[in-house]
Amino acid sequence: MAQQTDIRAGGASSRPTAHDTSVLDNAVWAALDGPHALPHSLKAMGGTPTAERVGQAARYPADVYAFAALADPVDPAAWADLHTLVGPGTTVRIKPVEQVPEGWEIVGGGGGTSHALKAMGEGVQLVDTALRAEPAPEAVRLGPDDVPEILDLVARTKPGPFLKRTIALGTYLGIRDRGQLIALAGERSEMGVPPAEGWGRLRPPGWTEISAVCTNPAYRGRGLATRLVRAVAAGIRERGDIPFLHAAADNANAIRLYESIGFTLRRRSPILLVRSPGTSHQGAVL
């Protein structure tokens, strides 16, 4: 059962202003149904949609972000739309889902590494309630040419999914030491610019997710992640959005860090890896 905490943010300029938190209950769907759905006017300009959608089911391209979503996770019609979207015998990561219809199979948790998460993953969602946002002068903006280094750092630190084209979703900042990328954090930034500039990461209306927060183990304990999170949050605040983020429920160190700098735990919810009914010769995994 998903657990939720009511968040009422203050209105001071240094604090997040009040926004509707209900869109965060199904944040992936809110982004795919809103900011990441390409407007017809931008299609005419040759843009490519971030969202792939059939009815009440949507997903990100497999090389962008490893999640699908349903408008209503308990609606059988939405699951039927997801089956049409992904095809038979396809494994897909989805949240927040607690049960699957007949014919679908739960094959694992979608996040975390502990024994308890092998069958069903659990994630936590935290929102900014008292974060001090400020630029980080030493941070540099990362781009497509930096992706190999980003993927290497992500593989060693496992902050969550980051794929070959995730960089197109928004602004990512890094800190380097003698040329080596040693710390990273990003955001799913504002919608409304050409795809080459980034469609924005997970961005329900009024909110922007901070993601891929990680530090080379040899450089931990120096406050690098905190500085990058504050810097990313500064850009989010400038647009009038409120930062939020996700972490694996068993990642106590990350949760403790986020709470210590001004995030508040809002929600716990399951993350499932599910397989669609039927068989596929390719055995696709999305």
Side-chain angles (χ1 to χ4, degrees), residues 24 27-28 31 35-36 50 60-67 93 95 110-113 121 123-128 131 133 135-136 138-177 180-191 197-204 207-220 222-236 241-251 253-255 257-258 261 263 271:
L24 298 181
V28 178
H36 290 173
T50 299
Y60 290 91
D63 60 350
V64 173
Y65 186 50
F67 274 96
R93 184 182 287 107
K95 63 179 180 180
T113 57
V124 297
Q125 182 185 84
L126 301 99
V127 299
D128 167 18
L131 177 68
E138 71 273 43
V140 296
R141 181 163 180 168
L142 303 174
D145 291 343
D146 301 299
V147 167
E149 276 190 286
I150 294 173
L151 293 175
D152 178 67
L153 182 60
V154 166
R156 286 184 286 134
T157 57
K158 304 188 186 306
F162 193 102
L163 305 171
K164 291 182 179 179
R165 286 205 301 134
T166 301
I167 193 74
L169 289 179
T171 300
Y172 286 85
L173 301 179
I175 294 176
R176 294 183 176 277
D177 179 36
Q180 178 188 4
L181 182 65
I182 59 171
L184 166 71
E187 57 134 343
R188 305 175 193 244
S189 59
E190 189 163 16
M191 178 69 178
E197 296 297 322
W199 282 126
R201 196 135 163 125
L202 192 56
R203 188 173 181 267
W207 302 83
T208 299
E209 183 190 27
I210 296 176
S211 66
V213 180
C214 56
T215 302
N216 183 321
Y219 290 84
R220 287 175 182 167
R222 305 184 187 187
L224 301 180
T226 296
R227 296 206 293 275
L228 286 174
V229 167
R230 294 190 194 280
V232 171
I236 294 171
D241 279 5
I242 300 176
F244 74 105
L245 46 78
H246 293 100
D250 65 343
N251 192 345
N253 290 336
I255 295 170
L257 168 65
Y258 297 142
I261 63 175
F263 285 89
I271 307 169

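Computation of the quantities below employed the complete heavy-atom set of this structure, encompassing side-chain atoms and omitting hydrogens, waters and symmetry-equivalent molecules. We number each residue from 1, following the sequence as shown.
For the side chain to side chain donor-acceptor pair (under 3.5 Å) test, residues two or more places apart in sequence or in another chain that qualify with R227 are E138. When the side-chain contact (heavy atoms from CB on, under 4.5 Å) test is applied to L151, the partners found at least two apart in sequence or on another chain are V147, F162, K164. For N216, the side-chain contact (heavy atoms from CB on, under 4.5 Å) criterion is met by L153, R156, Q180, I182, A218, Y219, not counting sequence neighbours. Taking N253 as the reference, N251, R256 meet the side-chain contact (heavy atoms from CB on, under 4.5 Å) condition, with sequence neighbours excluded. Partners of L163 by side-chain contact (heavy atoms from CB on, under 4.5 Å), not counting sequence neighbours, listed by chain and number: A66, T166. For R222, there are no salt bridge (charged side-chain N to carboxylate O under 4.0 Å, His left out) partners at least two apart in sequence or on another chain. With sequence neighbours excluded, no residue satisfies side chain to side chain donor-acceptor pair (under 3.5 Å) with R220. Taking D63 as the reference, R165 meet the salt bridge (charged side-chain N to carboxylate O under 4.0 Å, His left out) condition, with sequence neighbours excluded.
Residues P217 and T157 are in side-chain contact: their nearest non-hydrogen atoms beyond the backbone lie under 4.5 Å apart. By the 4.5 Å heavy-atom criterion applied to side chains, I210 and F263 are counted as neighbours. For the pair V229/I261, a side-chain contact is recorded, criterion being any heavy-atom separation below 4.5 Å from C-beta on. When side chains are defined from C-beta on, R93 does not count as touching V28, because their heavy atoms never get closer than 4.5 Å.
If you take CD1 on I236 and OG1 on T171, they are separated by 9.0 Å, rounding to the nearest 0.5 Å. Separation of atoms CG (L257) and CG (L126) is listed at 10.5 Å; rounding is to 0.5 Å.
Taking the six-membered ring where tryptophan is involved, the planes of F244 and H246 are perpendicular, since the angle between them exceeds 60° and thus also 30°.
Looking only at distances, a side-chain donor or acceptor of Q125 sits under 3.5 Å from a matching main-chain atom of L24.
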